[in-house]
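One structure below.
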Protein chains: 2
Amino acid sequence: MNQPKRYLDIVLDIRKMISQENIRPGDRIPSERELAETLKVGRSTIREALRSLELLGLIETRRGEGTFLSDYRNHRLVEVLSTFILQDNQSQKDVWETRLIHEISAIRTICGDANSSRLPVWTGFSKRIDEGDFFSREDFVREIMVLSGNRLSLKIWLLLAQYSGNPYKERIIIEETAMLENILAAIRQQDTEKATEGLKTWIAWLQKETGKDDDDS
Amino acid sequence: MNQPKRYLDIVLDIRKMISQENIRPGDRIPSERELAETLKVGRSTIREALRSLELLGLIETRRGEGTFLSDYRNHRLVEVLSTFILQDNQSQKDVWETRLIHEISAIRTICGDANSSRLPVWTGFSKRIDEGDFFSREDFVREIMVLSGNRLSLKIWLLLAQYSGNPYKERIIIEETAMLENILAAIRQQDTEKATEGLKTWIAWLQKETGKDDDDS
DNA sequence: GGAATATGAGTGGTCAGACCACTTTCAAAA
DNA sequence: TTTTGAAAGTGGTCTGACCACTCATATTCC
């Protein structure tokens with residue numbers, strides 16, 4: 001093993017600094033020159049660390065203004081990684097499969113909790129469907145993930161959603177509204193099996209529809 | 001927006017070069033100085049691009065040797081992001097819960113697959129228990145995760161296991177062998193419900209047993 | 001001749017300093 | 001008061017210089 005890479009330490013140092021100073025998404029982090037002096041390394045080393053974090057979408061830099069902690073949602077990462085990684089079918093499949101793991105678990109949690117399965121959000125979705133307000137597929141599932149109450153699972157899901165390609169981000173179409181209504185109804189009835197089956201059916205349909213077909217699971 | 005970032009172009013340039021030159025995982029890519037001259041940018045800009053790709057696990061650099069395209073199945077993505085994501089919710093509960101999500105899903109996969117539920121590994125574990133060869137709890141579950149076949153899920157699980165504290169890493173004790181045998185039997189019989197319930201019971205016991213002590217660095 | 005050793009070229013790792021382009025601020029000028 | 005513009009601070013880039021390390025080669029030693 002060589003010497004450990006400096007810039008990797010820097011990444012961790014910055015992360016520590018963020019939590020110590022209680023820097024929140026959107027806040028500014030110290031300038032490159034400032035960090036260099038504080039951490040006693042050259043500015044170029046700082047930059048290598050920052051550029052890495054930027055590519056991951058964890059920070060955002062604006063010339064003349066500074067560097068900001070970003071919301072973990074806007075990953076330029078997606079474009080880059082998708083050209084490298086997601087060409088591999090297995091990886092692509094793993095992403096969808098893993099995402100589904102979290103989604104099903106969330107549904108199970110919600111169905112097992114009388115409170116959350118009776119929240120007005122469910123009728124809200126039905127209403128929007130009826131009114132032709134076609135939200136995106138991701139929006140729909142995100143609501144489920146949020147309501148499950150496991151924030152870590154939610155964060156992982158958010159990442160996986162970023163990797164899930166366009167179809168997941170697009171608006172629902174008329175053909176699938178019945179499937180969604182089915183899921184919603186099952187949740188309202190706290191019918192775990194029906195809800196999870198409904199979700200699986202929908203996702204399977206979606207995968208088949210968008211042409212990236214693979215074996216069913 | 002500002003001028004597009006140079007280093008981002010470089011990332012794409014390198015990507016293009018890799019496919020044009022037909023560079024395969026494990027192969028060496030041109031040196032930093034070479035790239036700088038070819039692409040007509042400073043070496044520091046090249047380095048910012050390379051460092052980003054390295055943090056993603058897409059390339060691997062060895063001082064004195066060069067930079068190599070790595071097998072991008074092993075993306076370090078999860079690990080890096082985790083240090084940021086786990087920052088605000090240190091909640092041990094979320095970690096255990098999320099880990100359990102992946103474990104249960106893996107068990108479901110295995111039980112649904114006749115081949116993997118008949119693998120000799122299961123009798124192997126029983127034998128080791130009988131012989132008093134007490135493996136660690138993590139070892140036991142890892143085998144399940146590996147056999148599920150979802151590498152991304154495995155990757156996430158490995159990470160979560162790392163955050164799961166000492167009890168998860170320690171060897172099993174005599175009191176829990178019955179629970180493990182129970183799980184193994186259920187898997188052999190492809191009894192999904194019994195297996196998942198067995199796992200949940202075991203984990204609940206473990207959490208209760210160890211009270212709670214954790215340790216992160 | 002063969003084996004140990006020294007050398008040098010090439011590579012990534014780091015640093016310091018210099019510009020540039022850009023944004024914000026605020027004091028001076030209108 | 002409004003407008004203007006200079007200054008300070010920021011990220012973006014380049015250059016050149018070392019350092020630490022690897023590897024192939026040449027050299028020396030036995």
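FYI, side chains are in, hydrogens and waters are out, and symmetry mates aren't considered; it's all heavy atoms of this structure. As the structure is a prediction and not an experimental result, all values here were calculated from the model.
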Note to self: Which residue is it: A:Ile172, A:Ile173, A:Asp139? I am looking for the one with a side chain to side chain contact (heavy atoms under 4.5 Å, CB included) to A:Phe134.
What the structure shows: A:Ile172

Margin query: Check the phosphate of C:dT11 against B:Thr67, side-chain N and O only, distance under 4.0 Å to OP1 or OP2. Yes or no?
Written below: no

Check: Under 4.0 Å: is that the gap between some side-chain N or O of A:Ser44 and OP1 or OP2 of C:dA16?
Finding: no

Notebook entry, point to check: Nearest to the side chain of A:Glu65 - C:dT23, C:dC15, C:dT11?
Noted result: C:dT23

Next item on the list: Rounded off to whole Å, could you give me the CD-to-C1' distance for the B:Glu34 and C:dT11 pair?
Entry: 11 Å

Next item on the list: Taking only the side-chain heavy atoms of A:Ser31 (C-beta and beyond), determine which of C:dT11, D:dT13, D:dT10 contains the nearest atom.
Entry: D:dT10

Margin query: Heavy atoms from C-beta onward define the side chain here; which of D:dG11, C:dG13, C:dC15 lies closest to that of B:Glu32?
Written below: C:dG13

Next item on the list: With the side chain of B:Thr45 defined as its heavy atoms from C-beta on, choose the nearest nucleotide among D:dT10, D:dC14, C:dG13.
Entry: D:dC14

Note to self: Nearest to the B:Arg63 side chain among D:dG11, C:dG12, D:dC14, which nucleotide is it?
What the structure shows: C:dG12

Notebook entry, point to check: For A:Glu65, what residues pass the salt bridge (charged side-chain N to carboxylate O under 4.0 Å, His left out) criterion, not counting sequence neighbours?
Noted result: A:Arg62

Margin query: So that I can tick it off, tell me whether B:Arg51 and B:Glu32 are bridged by a salt bridge, with the cut-off set at under 4.0 angstrom between side-chain N and carboxylate O.
Written below: yes

Check: Between A:Leu50 (CG) and D:dG12 (C1'), how many Å, whole number?
Finding: 12 Å

Item checked: Listed nucleotide nearest any side-chain atom of B:Arg28, set C:dT11, C:dG12, D:dT10 -> C:dT11

Checklist line | Among C:dG12, C:dC15, D:dG12, the nucleotide that comes nearest once only the side chain of A:Arg51 is considered | finding: D:dG12

Item checked: Polar pair under 3.5 Å, donor/acceptor by atom type, side chain A:Arg33, base D:dG9 -> no

Check: Hey, does B:Leu35 have a side-chain heavy atom less than 4.5 Å from the side chain of B:Asp13?
Finding: no

Check: D:dA17, C:dA18, D:dC14: which one has an atom nearest the side-chain heavy atoms of A:Arg43?
Finding: C:dA18

Checklist line | Nucleotide nearest B:Glu48 when distance is taken to its side chain, options D:dC14, D:dT13, C:dG12 | finding: D:dT13

Next item on the list: State which residues pass salt bridge (charged side-chain N to carboxylate O under 4.0 Å, His left out) with A:Lys169; sequence neighbours excluded, sorted by chain then number.
Entry: A:Glu138

Check: Rounded to the nearest Å, what distance is computed from the CG atom of residue B:Leu35 to the P atom of nucleotide C:dG12?
Finding: 8 Å

Margin query: What is the distance, to the nearest angstrom, from the CD1 atom on B:Ile46 to the P atom on D:dC14?
Written below: 9 Å

Checklist line | Spacing between A:Ile59 atom CD1 and D:dG11 atom C1', to the nearest angstrom | finding: 11 Å

Checklist line | A:Arg47, nearest nucleotide to its side chain (from C:dG12, D:dT10, D:dG12) | finding: D:dG12

Next item on the list: May I have the distance from B:Lys40 (atom NZ) to D:dT13 (atom C1'), rounded to whole angstrom?
Entry: 17 Å

Check: Could you state the CZ-C1' distance from B:Arg62 to D:dA20, rounded to the nearest angstrom?
Finding: 16 Å

